[in-house]
Amino acid sequence: MLVKSSRLFYLLLIVFVTSIFIPKYYWMKFEKNIKAPAVFFSPVIDQFLVRKQTSLEKFCVDPKGKEYSREEFETLMPLLNYRQLVLEDKLPDSLHGELLIIDKIRINNITLKIYPADIDLSQIQLFPMFESRSGRVRLEMPDDYFRIAKRMEFIDCASNTVVEKKSLCFTTYLNAKHFSFPAKMIAGNPTTKKAFDEGYFVLDSKNNLFHIKMIKGKPFCVNTNIPNNLDIAFMRVMEMPLKEYYGVIITKPGDVYLISYDNYKLIKLPLTEYDIEKDIFALVGDQFFRTISLISSNQIRTIATDRNYKIVDRYEEMWKDNAQSSAGVVASYIFPFTLKLNDENSSFSNFHFNFAGASSFIGMIIFTILTYVLLLKRKISLKKGWFDLVLVLITGIYGFIAVLLVKNVDKNLE
Amino acid sequence: MYSALLYKEWLKIRWAFFSMVFLTMLTLMYIALNMSSYNEFMTAKGFWGNVILLGFPFFTDIKYIPLLIGVVIAIVQFSPEMNLSRLKLTLHLPADENKLLLQMISLGFMLLTILFFLIAIILWAIVGIYFPAEVVAFVLSASFPWLVVGVASYFLTAAIILEPVWARRLILIPFALGFLDIYLSIANTHLQLITFLVFAAIVSSLLILFSGYHFKRGIK
């Protein structure tokens with residue numbers, strides 16, 4: 001009995017290992033680097049421009065199929081390419097009735113890209129609290145990091161001990177503002193490479209969102225009064241000289257909100273069917289328009305909006321991803337499932353199963369028949385070999401490899 | 001008889017075990033020295049920033065040590081048994097062969113568990129000198145699969161050595177390598193995956209019985 005379970009474990013080990021490595025090596029050979037097209041919205045012709053080709057002559061196309069060279073693209077996207085146009089002395093004086101001033105262009109050019117792995121991120125829950133009004137040009141790293149558990153605690157880096165006075169001061173202040181400990185989520189932009197500091201947005205245990213920062217050594221804490229039923233999955237804070245919004249909130253159902261500087265009023269972006277586990281979110285803005293894209297492995301959905309986030313145009317395109325390529329079709333017949341422990345859409349290792357669907361049944365049945373023949377050859381009766389057959393029926397090629405390589409236990413010898 | 005068997009096994013592996021303890025201590029000391037040097041030259045807040053905000057992996061020197069320990073202990077314990085087929089004597093003792101084999105590897109398993117537990121505690125202590133609990137927890141959870149792989153590498157190496165036929169060894173080796181590689185290639189592991197992998201490492205002790213079965217019966 002023990003020897004039989006030993007063999008059984010051996011079979012399962014081979015299935016486990018092959019279901020990870022065989023598809024991995026298969027795709028190392030056959031996976032193509034399929035790049036999503038880049039979609040722009042030209043403020044000159046008020047039209048989308050789609051960049052797929054890499055050649056300079058056919059640099060991009062508009063939705064009607066007209067091709068543009070790189071020089072044409074740059075003049076159609078003058079705000080994105082203002083530095084090149086200034087160099088060539090081609091920057092227009094005005095656009096949409098507004099004067100084009102370089103400083104204004106620069107401040108208004110914004111980009112924001114959020115990957116699924118950013119949302120499903122593992123992070124050590126300690127953060128530096130910057131002095132947001134130090135009177136210095138550059139931000140400086142503080143000497144301590146904070147945590148928000150039963151209270152707000154600052155831990156001094158050099159001595160690795162809690163700074164009591166500062167901790168007490170912040171905790172008392174947060175209590176006075178009705179912050180309910182502990183924090184569920186803390187989002188900030190902990191880098192000194194930014195123009196100024198807006199501190200942190202912190203979700204308390206009752207799902208109220210607070211804005212916390214430090215001004216001249218004193219705590220600053222405001223309840224943003226953002227509705228506590230949003231079901232927030234992710235927040236990103238980014239200080240931008242434009243000062244239009246503090247950052248972005250992404251909810252589990254896939255709604256995206258910007259937290260505006262206008263008393264934390266939320267701006268809901270007009271997006272639909274955003275799958276936060278698979279889609280890349282990209283927002284590119286200039287002086288006149290915002291271009292917002294959701295990019296999956298085989299589709300891009302882009303909207304262009306005005307500065308008030310009203311949709312002015314839409315663009316959608318689909319293409320064949322690796323799963324739909326001929327290598328993918330072949331794989332779906334051979335592999336009933338593939339197992340990945342590390343997935344590009346998550347920063348956590350876990351079981352990431354990918355089931356092939358109905359087409360893999362053919363492969364599974366063929367391998368089960370082969371196993372039956374193999375067992376006949378080994379003179380193993382169905383009564384003794386049923387487990388091998390069931391294993392191959394469920395795991396297809398992986399189970400077959402296991403049964404092929406590992407001989408059966410002979411009852412007479414056990 | 002169990003205690004006599006354990007003593008015999010202990011005599012075989014004690015020097016290898018002490019050398020492995022020594023190697024482990026040297027590695028941990030090296031990590032501690034490195035940390036003290038980073039703390040001086042990056043300054044404490046620079047070191048914290050690198051670790052907390054950028055995920056600087058200052059403790060990875062320990063990564064392959066448990067794997068190595070498992071392999072070495074299995075080799076010194078089981079390769080003498082295969083010379084001149086000495087294992088046959090043990091298996092002819094008036095006791096169940098499966099039980100005997102499991103008792104033999106239980107000693108290695110216990111010693112490895114104690115040593116790896118010690119590694120975890122020392123890591124905890126030295127990381128705790130410079131960092132708060134959040135970072136200690138991160139370091140321990142990141143290095144936990146590296147400790148578990150030591151147990152799996154011990155069991156699998158034992159099974160590979162006891163397997164009498166080279167052809168079957170050559171089949172077992174690549175799958176064993178693939179299995180061990182899994183433990184070393186994961187990061188930020190979800191609880192369900194790490195629970196599964198701990199379970200799988202312990203159950204991999206059963207593999208030795210299949211090799212033992214081939215050995216005793218002389219199955220070619």
Side-chain angles (χ1 to χ4, degrees), chain A residues 1-10 12-18 20-22 24 120-128 140-145 147 149 153 155-162 190-192 341-342 346-352 401-402 404-407 409-410 412-414, chain B residues 39 43-49 51-53 55 96 98-99 101-102 128-135 137-138 141 145 156 159 168 171-172 174-179 181-182 185-194 196-197 200 203-214 216-217 219:
Chain A
M1 190 60 208
L2 266 174
V3 174
K4 269 200 167 166
S5 44
S6 169
R7 176 177 181 269
L8 186 137
F9 173 76
Y10 193 9
L12 292 177
L13 176 113
I14 294 179
V15 169
F16 180 52
V17 171
T18 48
I20 292 175
F21 285 94
I22 294 185
K24 186 175 158 183
D120 197 17
L121 187 69
S122 151
Q123 207 176 12
I124 297 176
Q125 293 298 308
L126 290 167
F127 304 88
E140 283 166 7
M141 265 297 176
D143 293 323
D144 47 31
Y145 279 65
R147 65 162 74 103
E153 277 179 327
I155 303 135
D156 180 51
C157 303
S159 64
N160 192 19
T161 51
V162 174
T191 170
T192 52
L341 300 182
N342 299 312
S346 167
S347 69
F348 291 94
S349 293
N350 202 353
F351 295 104
H352 299 284
I401 291 173
L404 184 69
L405 293 179
V406 182
K407 275 193 186 169
V409 174
D410 192 334
N412 300 326
L413 290 173
E414 196 181 351
Chain B
N39 203 51
T43 74
K45 70 177 176 183
F47 191 22
W48 278 44
V51 172
I52 295 170
L53 304 176
D96 179 52
N98 291 330
K99 211 172 141 196
L101 283 173
L102 289 178
I129 297 172
Y130 299 99
F131 290 106
E134 285 87 347
V135 178
F138 165 72
S141 66
L156 291 173
R168 276 200 297 265
I171 290 172
L172 182 51
F175 293 114
L177 287 176
F179 184 62
D181 179 66
I182 287 165
S185 63
I186 52 177
N188 304 320
T189 316
H190 256 290
L191 186 65
Q192 51 178 338
L193 177 60
I194 194 65
F196 171 81
L197 288 177
V203 178
S204 69
S205 61
L206 282 179
L207 263 186
I208 197 177
L209 301 182
F210 201 46
S211 297
Y213 160 79
H214 291 149
K216 176 98 186 261
R217 309 298 182 286
I219 296 173

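By convention in this document, chain letters (A, B, ...) are assigned in the order of the sequence lines, proteins followed by strands, and residues within each chain are numbered from 1.
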Give, as side chain, backbone, both or neither, the part of [X] having an atom under 4.5 angstrom from any heavy atom of chain A.
{"X": "B:Asp181", "value": "side chain"}
{"X": "B:Leu197", "value": "side chain"}
{"X": "B:Phe175", "value": "both"}
{"X": "B:Phe47", "value": "neither"}
{"X": "B:Leu172", "value": "both"}
{"X": "B:Leu53", "value": "side chain"}
{"X": "B:Ser204", "value": "both"}

Using non-hydrogen atoms only, which part of [X] is less than 4.5 Å away from chain B: side chain, backbone, both, or neither?
{"X": "A:Leu8", "answer": "neither"}
{"X": "A:Asn342", "answer": "side chain"}
{"X": "A:Val406", "answer": "side chain"}
{"X": "A:Tyr10", "answer": "both"}
{"X": "A:Pro142", "answer": "backbone"}
{"X": "A:Asp144", "answer": "neither"}
{"X": "A:Leu13", "answer": "side chain"}

Are the side chain of A:Asp143 and the backbone N or O of B:Lys45 linked by a donor-acceptor pair below 3.5 Å? no

pair B:Leu193-A:Phe351: side-chain heavy atoms closer than 4.5 Å: yes

Taking the six-membered ring for Trp, are B:His190 and A:Phe348 parallel (under 30°), tilted (30 to 60°) or perpendicular (over 60°)? tilted

Parallel, tilted or perpendicular: rings of B:Trp48 and A:Tyr145 (30°, 60°): tilted

Which residue out of B:Pro174, B:Ser185, B:Ala200, B:Ala176 racks up the most heavy-atom pairs below 4.5 Å with chain A? B:Ser185

Best-contacting candidate, B:Pro132, B:Ala137, B:Gly128, against chain A by heavy atom pairs under 4.5 angstrom: B:Pro132

Please name all residues satisfying salt bridge (Lys or Arg N to Asp or Glu O under 4.0 Å) with A:Arg147, sequence neighbours left out, ordered by chain then number. A:Glu153, B:Glu134

As an exercise, state the distance from [atom1] of [X] to [atom2] of [Y], rounded to the nearest 0.5 Å.
{"X": "B:Leu101", "Y": "A:Leu2", "atom1": "CG", "atom2": "CG", "result": "10.5 Å"}
{"X": "A:Ser5", "Y": "B:Leu209", "atom1": "OG", "atom2": "CG", "result": "7.5 Å"}
{"X": "B:Phe179", "Y": "A:Ile20", "atom1": "CZ", "atom2": "CD1", "result": "9.5 Å"}
{"X": "A:Ser159", "Y": "B:Tyr130", "atom1": "OG", "atom2": "OH", "result": "13.5 Å"}
{"X": "A:Gln125", "Y": "B:Phe138", "atom1": "CD", "atom2": "CZ", "result": "12.5 Å"}

Considering all heavy atoms, the nearest B:Ala44-A:Ala158 contact: CB-CA, 3.6 Å

Using every non-hydrogen atom in the two residues, find where B:Phe210 and A:Lys407 come nearest and quote the distance to one decimal. CZ-O, 3.6 Å

Options A:Thr191, A:Ile124, A:Leu341, ranked by heavy-atom pairs under 4.5 Å with chain B, top entry: A:Ile124

Test side chain to side chain contact (heavy atoms under 4.5 Å, CB included) on A:Phe21 and B:Ile182; report intermediate values, then the result. CA-CA 10 Å; A:Phe21 285 94; B:Ile182 287 165; 4.2 Å; yes

